[in-house]
Amino acid sequence: MPLGFAHHHLLGIRQLSRQDIERIFEQAEHFLPYCRSAMYRLPDLRGRTVVLAFFEPSTRTRVSFELAARRLSADVVSFQAAGSSLAKGESLLDTLETLESMGVDAVVVRHRDSGVVWFLQRFLRCSIINAGDGQHEHPTQALLDGFTLWKRFGSLEGLRVCIIGDILHSRVARSNIELLSRFGAEVGICGPGTLIPQQAEQSWKVRRFFVLEDALQWAQAVIVLRLQRERMESGLIPSLQEYHRFYGLTRERLARAPHLCLLHPGPTNYGVELTREVAASPQSLIRQQVHYGVAIRMAVLKLVVGDRIAR
Ligand code: NCD
């Protein structure tokens, strides 16, 4: 068994060692039989209170954190930003300090500002778990993506994974590049020039693909991303149809890469980055990802919050 888990927060993949990530995968593997049904409630978080504080929309991440916390017997409170005192001018920090004073052990935060969880951890004593900060990091998504690939391929070492689409605005891409590189996977990126950060190849040590077909031939797995139009300031692509023509994953394209498997963090926009048929094809691991997401978040909550000595 690897060494204990020494983190009081989960802010980003950057802070985790390869051993930490393996520890999370092993713990998630252990939780898999328990995560599908409310029949089983494990005692790991009994007596702990977890607040979900989502300041950006979310379906999968919020619900799977909630299920994960409940499966571990935690008390879960969903903070609703709309209708809270934020509307009266209260700051984010005041809001979270107020929640902490009510005896909260952990707060799961999603916010549009990159770096917000690093700011909060300077002031809060409870554990902070990053559920997505702006364009920056989304560690539990990368952990569940890595876990899905690990389960499928047995190892991430040397695995060729290409991330396709809006890399520029994607916290999922950043966290995944960090995690995959940690395991010695080969990472590719493919998308229109306007949606790839400058210097991406040098700073991330990734391989850049200009033509989707080349990426699909090279990769063993692809992570397809949504266009984050809510983060785009101006038209970075001519039209959705044109994007689909060059970068959309279709049945025909997938048929020419029969060994490829595909992931997508969701939500999907059919007819843009991929088609419904592709999402439902046997090569798609999208449903697996969602399933594994609960086990990964159980593992994170147990290791960060459950095993923590009260401060
Ligand atoms: C992603 C996110 O919010 O960053 N979704 C998710 O957490 N499942 C990706 C996206 O919104 O496109």
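The structure presented is a predicted model; accordingly, all values stated were derived computationally and were not measured. The chain is numbered in sequence order, starting from 1. Just follow the structure's listing: the first ligand is 1, and inside any ligand the first atom is 1.
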Between the side chains of Glu26 and Lys302, is the shortest nitrogen-to-carboxylate-oxygen separation below 4.0 Å, so that they form an ion pair? no
With the threshold set at 4.0 Å, does a side-chain nitrogen-carboxylate oxygen contact exist between Glu22 and Arg18? yes
Considering only heavy atoms, which of Arg226, Arg231, Arg110 lies nearest to atom 11 (O) of ligand 1? Arg226
Residue and atom name of the nearest protein heavy atom (relative to atom 10 (C) of ligand 1), distance in Å to one decimal: Gln228 NE2, 3.1 Å
Is ligand 1 under 4.0 Å from a heavy atom in the side chain of Leu225, in the backbone, in both, or in neither? neither
May I ask you to check whether over 12 heavy atoms, not counting those of Phe183, lie within 6.0 Å of atom CZ? yes
Heavy atom under 4.0 Å from ligand 1: found in Arg171's side chain, backbone, both, or neither? side chain
Enumerated ligand 1 atoms positioned under 4.0 Å from heavy atoms of Thr61: 6 (C), 7 (O), 8 (N)
Donor-acceptor side-chain pairing of Arg297 and Thr140 below 3.5 angstrom: yes
Sequence neighbours excluded, the answer for salt bridge (charged side-chain N to carboxylate O under 4.0 Å, His left out) partners of Glu242 is none
Output yes when Glu66 and Arg70 qualify as a salt bridge under the 4.0 Å nitrogen-oxygen rule, no when they do not. yes
Please confirm whether Arg110 makes a cation-pi placement over Phe54, using NZ or CZ under 6.0 Å from the six-membered ring centre and within 45° of the ring normal. no
For Pro267, the atoms of ligand 1 under 4.0 Å from one of its heavy atoms are 10 (C), 11 (O)
Nearest neighbour in protein (non-hydrogen) for atom 6 (C) of ligand 1: Gly266 O, 3.5 Å
Nearest protein heavy atom to atom 8 (N) of ligand 1, by residue and atom, and its distance? Pro265 O, 2.9 Å
Polar contact flag for His138 and ligand 1 (N/O pairs, less than 3.5 Å): yes
For Phe209, the rest of its hydrophobic cluster, which grows through side-chain links under 4.5 angstrom: Trp218
Hey, is Ser58 one of the residues with a heavy atom under 4.0 angstrom from ligand 1? no
Just which atoms of ligand 1 are under 4.0 Å from any heavy atom in Val172? 1 (C), 4 (O), 9 (C)
